[in-house]
Structure formats: structure tokens, C-alpha cells
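Hydrogens, waters and symmetry mates play no part in the numbers below; they use all other heavy atoms, side chains included. Model, not experiment: these values are computed from the prediction.
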Amino acid sequence: IENGWNEHLDMSVEINQQIDAFYNPANIRERAHQTYQIMRERKELICNHKDKLEKIANIVKENSNKRILIINKFAEFASVVTNYLNNIFDKEVCANYHDKVDPIPAVTLDGQPILVKSGSLKGTQKMYHATAQKSYNEARFNEGIINILSTNNSPDKNLNIPIDIIIITSPECEEIKSYLYRLNNVYFPNELIKLYTIYINDTFE
């Protein structure tokens, strides 16, 4: 309105057509949406950049006997990290600890299938959804079956594990102090925290 737009513009006048093209609320909303999309995609491109995977793997190789928590800006990249590390090491060393996961067949810590005990699905294998997978992977971590958990920017406050190393895969994540406050059940047997932060040079990171 301050720039001359109103809902009763005479669209037979060329200048009014130009004003409407710029300042019609629907057009402003569309441009705002496009701008947001570009900003979001740009952030995802950098925070989830594939070149980080090799650096993460190198840190893991140098600390193969350590218990590691990897914190990622986005859950989708947390899953990419998990898959990459397990492929690199030809065995399962890392598991997801976030909510954006597909259901998986339920098994005990020693790999035995867990079956449904009653109802119409009796005898079929149970499925682990996100919450159950987090509990399962946390238990496997504490049992030493795996030594890496890959999580998102807001890991579950109930996580209760010993940690030797934290890898933060983007400065767009929270600061380490925020995670130490949030994860007050996580403990550090060696008292000192070994922290790595990965970033892409010459970007907003």
C-alpha cells in the first residue's frame, strides 16, 4: 500500500500493472516463498555436503576404538553418515539416533527376531519404529556392539551413553555447551571432551 498498491487498481493503466506485479500480496508471498526455498536449499547443500563424509571417516579411522557421537544439522544427513561409515568399514559400526527413519524388523541385542505374541499378527516379526530404534541403538552402543551414534541437531535428552569424542558436522549446529546442557545423561569417562567440528571453507560455515 505504501508503494501505491491497492485492491482496486485500474489495471488498464500500465504503471498500475507494474505496481501490481511487484506489490500484490500474492506476488510478494510467492517471492518470499521462493527466497526461503533458495535459502533452505543452500543451507542443506552446505550442511549436508558429501565431501564431509570422507573427513568424518578419517576421524573415525584415527579413533577406531573410541565411542563417538556424531551430531548433524539435519536428520537426513545423519542417515547418510551412518550408511557411509557402515559401507566404508564393511560392518555395522554406526547407527541412527533420530526420528526420521524407516521401520526395521525388531531383534534382540544378539540378533534374534522378536515376534508378536498375540492378536491378528501373532507369530509375525515386530517392527521397530523411530522411538524403539533409538532405544535399541542406544542399548547396542552401551553394550559395545557399535561404537558410533549419528544424530540430528536436537538429540533426545534421554540419551544415556559414555562418549570419548563428539563430531559436529556443521557450525550451523548448536554450540557444544548447548549439547552438554541438553544431554545431561551423557557422560565422559575420560573427563576431557575431544571435539571435532567440520565445515566447508569459503562458505557461510
Rounded to the nearest 0.5 Å, what separates atom [atom1] in [X] from atom [atom2] in [Y]?
| X | Y | atom1 | atom2 | answer |
| --- | --- | --- | --- | --- |
| Glu143 | Glu138 | CD | CD | 11.5 Å |
| Phe204 | Ile46 | CZ | CD1 | 5.5 Å |
| Glu30 | Gln34 | CD | CD | 4.5 Å |
| Ile163 | Leu195 | CD1 | CG | 12.0 Å |
| Asn48 | Ile200 | CG | CD1 | 10.5 Å |
| Thr108 | Asp110 | OG1 | CG | 3.5 Å |

Non-hydrogen side-chain atoms of [X] and [Y] separated by less than 4.5 Å:
| X | Y | value |
| --- | --- | --- |
| Leu192 | Asn190 | no |
| Asp164 | Phe188 | no |
| Lys194 | Ile166 | no |
| Glu2 | Tyr23 | no |
| His49 | Ser170 | no |
| Asp20 | Trp5 | yes |
| Arg67 | Pro189 | yes |
| Ile145 | Asn142 | no |

Other than Ile165, which residues form its hydrophobic cluster under the rule that side-chain heavy atoms must be closer than 4.5 Å?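 Besides Ile165, the hydrophobic cluster comprises Leu53, Ile56, Ile59, Val60, Ile68, Ile70, Phe77, Val80, Val81, Tyr84, Leu85, Ile88, Phe89, Val93, Ile148, Ile167, Tyr196, Ile198, listed by chain and residue number.
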Are any side-chain N or O atoms of [X] and backbone N or O atoms of [Y], one a donor and one an acceptor, separated by less than 3.5 Å?
| X | Y | answer |
| --- | --- | --- |
| Asn16 | Leu9 | no |
| Glu172 | Lys43 | no |
| Asn86 | Cys94 | yes |
| Gln133 | Asp102 | yes |
| Asn152 | Phe74 | no |
| Ser178 | Glu174 | no |

For [X] and [Y], work out which heavy atoms get closest and say how close.
| X | Y | answer |
| --- | --- | --- |
| Gln125 | Pro105 | NE2-CB, 3.4 Å |
| Arg182 | Ser154 | NH2-O, 3.6 Å |
| Tyr97 | Asn158 | OH-C, 4.4 Å |
| Lys55 | Asp51 | CG-O, 3.9 Å |
| Ile168 | Cys173 | CG2-CB, 3.7 Å |
| Ala139 | Leu109 | CB-CD2, 4.0 Å |

Taking only Lys NZ, Arg NE, NH1 and NH2, and the carboxylate oxygens of Asp or Glu, determine whether Glu205 and Lys52 approach each other closer than 4.0 Å.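 Looking at Glu205 and Lys52, the cut-off is met.
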Hey, are Lys134 and Asp156 close enough for a salt bridge, meaning a charged N less than 4.0 Å from a carboxylate O? yes
Crowded around [X] [atom1]? As in, over 12 foreign heavy atoms under 6.0 Å?
| X | atom1 | answer |
| --- | --- | --- |
| Arg31 | CZ | yes |
| Met11 | CE | yes |
| Asn185 | CG | yes |
| Glu7 | CD | no |
| Ile15 | CD1 | yes |
| Asn65 | CG | yes |
| Tyr181 | OH | no |
| Arg40 | CZ | yes |

Any chance you could lay out the side-chain contact (heavy atoms from CB on, under 4.5 Å) test for Ser150 and Asn72, step after step, and finish with the verdict? CA-CA 7 Å; Ser150 183; Asn72 307 276; 3.1 Å; yes
In the single-linkage hydrophobic clustering (I, L, V, M, F, W, Y; side-chain heavy atoms under 4.5 Å), do Leu183 and Tyr187 co-cluster?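 Leu183 and Tyr187: separate clusters.
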Do Phe22 and Ile28 sit in the same hydrophobic cluster, where Ile, Leu, Val, Met, Phe, Trp and Tyr count as joined when their side-chain heavy atoms come under 4.5 Å apart?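 Phe22 and Ile28: separate clusters.
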Salt bridge (Lys or Arg N to Asp or Glu O under 4.0 Å) evaluation trace for Glu44 with Lys73: CA-CA 9 Å; Glu44 289 181 357; Lys73 177 65 175 175; over 6 Å; no
Evaluate the criterion side-chain contact (heavy atoms from CB on, under 4.5 Å) for residue pair Ile176 and Leu180; output intermediate values, then yes/no. CA-CA 6 Å; Ile176 186 63; Leu180 296 182; 4.2 Å; yes
Restricting to salt bridge (Lys or Arg N to Asp or Glu O under 4.0 Å), what partner residues turn up for Glu175, sequence neighbours left out? none
Determine, step by step, whether Tyr179 and Asn153 satisfy the side-chain contact (heavy atoms from CB on, under 4.5 Å) criterion, reporting the C-alpha distance in whole Å, the side-chain angles of both residues, the deciding distance to 0.1 Å, and the verdict. CA-CA 9 Å; Tyr179 292 119; Asn153 194 36; 2.4 Å; yes
Might you work through the side-chain contact (heavy atoms from CB on, under 4.5 Å) test for Leu45 and Arg42, ending with a clear yes or no? CA-CA 5 Å; Leu45 173 67; Arg42 176 174 176 261; 5.7 Å; no
Set of ring-ring contact (aromatic ring centres under 6.0 Å, His included) partners for Tyr136, sequence neighbours left out: Tyr128
